[in-house]
Protein chains: 2
Amino acid sequence: MKYPSCLSEIYAHPGIDELDLSSIYTAHEQVFFSKGEFILTEGQLSNAYYCLENGLVRAFAKSAEGNEITTAFFSPNEIVIEVASLFLRQATRENIQALSDCECWMIRYDAFQDLFENISGFTEWGRSWMSRALLANKQRSLSMITDTATNRYLKLQQEHPKVLQMAPLKYIASYLGVTDSSLSRIRKEVALKGY
Amino acid sequence: MKYPSCLSEIYAHPGIDELDLSSIYTAHEQVFFSKGEFILTEGQLSNAYYCLENGLVRAFAKSAEGNEITTAFFSPNEIVIEVASLFLRQATRENIQALSDCECWMIRYDAFQDLFENISGFTEWGRSWMSRALLANKQRSLSMITDTATNRYLKLQQEHPKVLQMAPLKYIASYLGVTDSSLSRIRKEVALKGY
DNA sequence: TTGATTTCTTGTCCTATGACAAGTTGATTT
DNA sequence: AAATCAACTTGTCATAGGACAAGAAATCAA
């Protein structure tokens, strides 16, 4: 059987077979978000995560001065999720917003828990996914310390080329930890030097 | 009964009563590390965490250029842990090192799992602890983006005054994301302005 | 279509911080 | 004590990036 491509991608894992995938698929519901719509708002309790089939999403937090700092981008075939709130059942301090019209496959907390308890391949997959997520987090922190803004831009270009094309500059800038003007100059430099 | 002070501190939680605390206490073993000794080395699988009774500990990772970047400090009454490796059973990329002679109460993975399954207050406590840890992580990332080096220094001063007194400057500098010389100048500035 | 709004670029100037090197101090070894 | 080494400070210079302001370009609304 043919499943939505983001589900096949995301749940590709040695421990997950066709049958498992079928149960996993059934546990998801298709949902759509319009450009600008909030998928999660600070203060809420996250009750689901979303496999992104199409579109672009960002997460952001507010700095002490009240500025929005983009903390993550999500592209197709990635999981839109706020781990702390979803797994720990705490109100979130982040916002998650669709940057374009989005097509998602949502799985609710309870359905997810069921899969986690009943499909051992899913448990393995979850651990592996979480492991990669934690590592990515740590590497982002390190990158903020050791890399120049230009290098962080180039890395983002490699890992999320779509983001650079679709997201407004100001969101990318706060994600990279620079001002709008600086990012504009970085872009120019990168274009000139032909990276 | 009287337990080691770091255990009483760390496991203070509404859901944990005297009896629970007694089981928890029994699951720990006292261990000592000498100044400079490694508690965990990159490539290893973490098999325990450590409640720090006395001493100072740091975690560090290597940057792409091979420089050591201090990623965390641990003071008494805190838990010395590498979450990714311990919980996800993966080899770690971090190193954890005693910066002074240390007295710890260690709990092994299996003992921890037992408590987690059998003492509901411990499960709650674990979630709450993890929640705070995830949040702290995210806030550190944000701080690297939004705060000046001097502000990060002042925050560290408030949250971990002992670290500033005991840790060599170079470790503090890489934790704050600045060079040794810059930190030296930040110290001078802070001393002058009398913060 | 026209005006308003948002997005992005660019200029000028300034400050924080890095790179590098030299010097000081204090601890450790022989 | 002398020599060595690590920890820290300080100076000089260079540069990345911030603050602010003025456009240009694109998008959206009326």
Side-chain angles (χ1 to χ4, degrees), chain A residues 34-37 56 58 60 63-70 73 97-101 142-157 162-193 195, chain B residues 34-37 56 58 60 63-70 73 97-101 142-157 162-193 195:
Chain A
S34 315
K35 178 174 179 173
E37 195 174 344
L56 185 63
R58 71 160 183 147
F60 67 94
S63 74
E65 300 82 45
N67 301 315
E68 293 182 359
I69 311 291
T70 296
F73 288 107
Q97 184 183 28
L99 292 181
S100 68
D101 290 351
L142 283 182
S143 176
M144 293 306 305
I145 294 179
T146 63
D147 295 342
T148 62
T150 306
N151 276 332
R152 292 199 295 278
Y153 178 85
L154 292 172
K155 276 190 185 174
L156 181 60
Q157 191 175 53
K162 288 270 171 56
V163 168
L164 296 191
Q165 294 155 25
M166 297 178 61
L169 173 141
K170 62 178 176 180
Y171 298 154
I172 302 172
S174 79
Y175 178 79
L176 295 175
V178 296
T179 57
D180 300 8
S181 336
S182 281
L183 177 52
S184 182
R185 291 185 175 109
I186 287 171
R187 276 188 168 170
K188 193 177 165 187
E189 177 203 357
V190 167
L192 282 177
K193 301 205 179 159
Y195 288 111
Chain B
S34 316
K35 179 174 178 172
E37 196 174 342
L56 185 64
R58 72 163 183 144
F60 67 95
S63 75
E65 300 82 45
N67 301 316
E68 293 182 0
I69 311 291
T70 297
F73 287 106
Q97 184 184 28
L99 292 181
S100 68
D101 290 350
L142 283 182
S143 175
M144 293 305 306
I145 294 179
T146 62
D147 294 344
T148 63
T150 306
N151 275 333
R152 292 199 295 280
Y153 178 84
L154 291 172
K155 276 189 186 174
L156 182 60
Q157 191 175 53
K162 287 272 171 55
V163 168
L164 297 192
Q165 294 154 26
M166 296 177 63
L169 173 140
K170 64 178 177 181
Y171 297 154
I172 301 172
S174 78
Y175 178 79
L176 296 175
V178 297
T179 57
D180 300 9
S181 335
S182 282
L183 177 52
S184 182
R185 290 183 176 109
I186 287 170
R187 277 187 167 171
K188 193 175 162 186
E189 178 203 357
V190 167
L192 282 177
K193 301 205 179 158
Y195 287 111

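Hydrogens, waters and symmetry mates are skipped; everything else that's a heavy atom, side chains included, is used. Remember, it's a predicted structure, so these values are computed and weren't measured experimentally. Naming: A, B, ... by sequence-line order, numbering from 1 per chain.
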Inset, instruction - Respond yes when some side-chain nitrogen or oxygen of B:Ser182 is under 4.0 Å from OP1 or OP2 of C:dG18, and no when none is. - result: yes
Can you tell me the distance, in whole Å, between the [atom1] atom of [X] and the [atom2] atom of [N]?
{"X": "A:Met144", "N": "D:dG17", "atom1": "CE", "atom2": "P", "value": "10 Å"}
{"X": "A:Leu99", "N": "C:dT7", "atom1": "CG", "atom2": "C1'", "value": "14 Å"}
{"X": "B:Tyr153", "N": "C:dT17", "atom1": "OH", "atom2": "P", "value": "14 Å"}
{"X": "B:Asp147", "N": "D:dG18", "atom1": "CG", "atom2": "P", "value": "14 Å"}
{"X": "A:Asp180", "N": "D:dA22", "atom1": "CG", "atom2": "P", "value": "18 Å"}
{"X": "A:Ile145", "N": "C:dT17", "atom1": "CD1", "atom2": "C1'", "value": "15 Å"}
{"X": "B:Ile186", "N": "C:dT15", "atom1": "CD1", "atom2": "P", "value": "17 Å"}
{"X": "B:Glu189", "N": "D:dT10", "atom1": "CD", "atom2": "P", "value": "13 Å"}

Strictly distance-based, threshold 3.5 Å: is any side-chain N or O of [X] a donor or acceptor partner for the main-chain N or O of [Y]?
{"X": "A:Thr179", "Y": "A:Ser182", "result": "yes"}
{"X": "A:Ser34", "Y": "A:Glu37", "result": "no"}
{"X": "A:Gln97", "Y": "A:Gly36", "result": "yes"}
{"X": "B:Ser63", "Y": "A:Thr146", "result": "no"}
{"X": "A:Asp101", "Y": "A:Lys35", "result": "yes"}
{"X": "A:Ser174", "Y": "A:Thr70", "result": "yes"}

Legend entry - Minimum-distance nucleotide (side-chain atoms of A:Thr179 versus C:dT10, D:dC8, D:dA19): D:dA19
Legend entry - N/O donor-acceptor pair, side chain B:Arg185 with base C:dG18, under 3.5 angstrom: no
Can you pull every protein N or O that's under 3.5 Å from an N or O on nucleotides 5-7 of chain D?
unit_1: D:dA7; atom_1: OP2; unit_2: B:Lys170; atom_2: NZ; d: 3.3

Inset, instruction - Tell me whether the guanidinium CZ or amine NZ of A:Arg58 lies under 6.0 angstrom from the six-membered ring centre of A:Tyr171 and within 45° of its axis. - result: yes
Legend entry - Point-to-point distance, once rounded to the nearest 0.5 Å, from CG of A:Leu169 to CG of A:Leu176: 9.5 Å
Inset, instruction - Specify the angle, to 10°, made by the local axes at the two ends of the helix from C:dT1-D:dA30 to C:dT30-D:dA1 when five pairs are taken at each end. - result: 40°
Legend entry - Min side-chain heavy-atom separation B:Thr148-B:Tyr153 under 4.5 Å: no
